[in-house]
Amino acid sequence: MFDYSKLLGKVVETYGTQQSFSLALGMSQRSLSEKLNNKRTWKQSDIVKSAKLLGISNSEIGIYFFKTKVQ
């Protein structure tokens, strides 16, 4: 399982709400929520598009999308 708290913070900082970001991403709010809650996996294309929309550099993608949750 991955920890998307930093990603969620970036979403809120950049778009204000998950809904606004999901619209920009071209994804339903439910799908985005399921990805952020580890109920669905992120496709590579969604990660690349999200990073671009949020201004995340390629070298920072791991920090936002692949940080594992501490058990």
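The figures here come from the full heavy-atom set of this structure, side chains too, leaving out hydrogens, waters and symmetry mates. All values reported here derive from a predicted model rather than from experimental measurement.
Using a 4.5 Å cut-off on side-chain heavy atoms (C-beta onward), E13 and L54 make no contact.
Below 30°, between 30° and 60°, or above 60°: for Y15 and F21 the angle between ring planes is between 30° and 60°, a tilted geometry.
With values rounded to the nearest 0.5 angstrom, L7 atom CG is found 7.0 Å from S50 atom OG. Taking CE of M27 as the start and NZ of K43 as the end, the distance is 8.0 Å to the nearest 0.5 Å. Distance check: S20 OG to Q29 CD gives 9.0 Å after rounding to the nearest 0.5 Å.
Using modelled atom types, no side-chain atom of D3 and backbone atom of V70 make a donor-acceptor pair closer than 3.5 Å. For the pair N37 (side chain) and K39 (backbone), a donor-acceptor distance under 3.5 Å is absent.
Of all heavy-atom pairs spanning W42 and Y4, the tightest one is CD1-OH, 3.1 Å. When every heavy atom of I61 is checked against every heavy atom of I56, the shortest pair comes out as N-CG2, 4.0 Å. Shown here for D46 and K35, the closest heavy-atom pair between the two residues is OD2-NZ, 3.2 Å. Taking each heavy atom of L25 and K49 in turn, the nearest pair found is O-NZ, 3.1 Å.
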ask   = Stepwise, does the side-chain contact (heavy atoms from CB on, under 4.5 Å) test hold for L32 with Q19?
value = CA-CA 9 Å; L32 177 61; Q19 182 176 9; over 6 Å; no

task = Could you walk me through whether V11 and Y64 pass the side-chain contact (heavy atoms from CB on, under 4.5 Å) test, one step at a time?
result = CA-CA 11 Å; V11 166; Y64 289 92; over 6 Å; no

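Both L8 and I63 belong to a single network of hydrophobic side chains, linked directly or stepwise wherever heavy atoms of I, L, V, M, F, W or Y lie under 4.5 Å apart.
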